[in-house]
Amino acid sequence: MIRTRFAPSPNGSLHLGHAWAAIVAHDLARARGGEFLLRIEDIDGARSRTELAEEHLADLSWLGLSWDGPVVRQSARLESYALAAERLKALGLLYPCRCTRADVLAASRADGPDGPLYPGTCRGQDVDPEGAAWRIDMARAVRMAGPLEWTDELAGPQQAAPERFGDVVLVRKDAPASYHLAATLDDAADGVTLVTRGLDLFAASHVHRLLQALLGLPVPVWHHHALLVEADGRKLAKRRGSPSLADLRRAGEDGRALADSLRAGNFPAGISLGTGVGCAA
Ligand code: GLU
């Protein structure tokens, strides 16, 4: 049986782009007789807000989407992230790093999929681990895991290339996991078989495939869907004026009708479905 999920972060209101992502994940599960899970990615204690998580649930119900089982909250799973990080440390694959964002920016000589590539400043150094972030020694991890493949059901088979991310942070200074570690562990813990999310996260799946190999986790199939974009081709963002679903809901709009028109490809003026199936960026 297939199981998909929608995994919003409650640090801002949902907009039409999120509605589209949720509908894709929900409808794929329903069309194939599977299950659709909802996961609140509230690992970021400083930016996550309980009332926004509640707002997200209300938005999804308003769109006519139903989910199976209890809502999963990452904040309830911090211990499992810490345990996985300990396993990676025991394999000698993580090292502490105290660099700030500004340090990385100043030292970086190339861009990776997530911005300035970390040049490995703290690797092999005697860094005080107290309150530090922990990065993966990517070259070593890739050697340990060997060649890996993964499949996106739209883009086809992929050779995993996590080294393009360099030594990414897996344990944050302020949280027991980064997005990469938490999302990978959760998808495995929840038995997600089809990881459905936007193409903007395509490249992240290379890292997630590596973590699955290192931690002995099951390997799902991925479905990276096209994003809703504005007339200039940029993805929707609330800060550029895309209305929030909560605003539309409170203004009395019909959420189910909105969801149906998105399904039919009738997007509001100035919004369209971007292209780029399987873009490697
Ligand atoms: N929480 C992520 C976001 O809101 C989604 C991550 C995922 O689907 O893997 O962009």
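From a predicted model like this one, the values you see are computed outputs, not experimental measurements. When a residue number appears, it is its place in the shown sequence, counting from 1. Read the numbers this way: they start at 1 and go in the same order the structure lists the ligands and their atoms.
- With a heavy-atom cut-off of 4.0 Å, Leu201 touches ligand 1 through its side chain alone.
- The part of Tyr179 lying near ligand 1 is the side chain, judged by heavy-atom distances below 4.0 Å.
- In this structure, Trp150 and His224 have perpendicular ring planes: the angle between them is above 60°, well past the 30° mark.
- A salt bridge is absent between Asp190 and Arg3: the closest approach of a Lys/Arg side-chain nitrogen to an acidic carboxylate oxygen does not fall below 4.0 angstrom.
- Inclusion of Ser9 in the set of residues having an N or O under 3.5 Å from an N or O of ligand 1 is warranted.
- Atom 5 (C) of ligand 1 has Ala7 O, 3.4 Å as its closest protein atom, hydrogens excluded (heavy atom only).
- Residue Glu41 approaches ligand 1 through these ligand atoms, each under 4.0 Å from one of its heavy atoms: 1 (N), 2 (C), 5 (C), 6 (C).
- Side-chain contact between Phe267 and Leu262 is present, with heavy atoms from C-beta onward closer than 4.5 Å.
- Judged purely by distance below 3.5 Å, without hydrogens or angles, the side chains of Arg197 and Ser205 pair a donor atom with an acceptor atom.
- Residue contacts with ligand 1 include Arg5, since one of its heavy atoms falls under 4.0 Å from the ligand.
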Start with the C-alpha distance between Asp186 and Tyr81, add both sets of side-chain angles, then the distance that settles side-chain hydrogen bond (donor to acceptor under 3.5 Å, both in side chains), and finish with yes or no.
CA-CA 9 Å; Asp186 284 339; Tyr81 307 146; 2.8 Å; yes

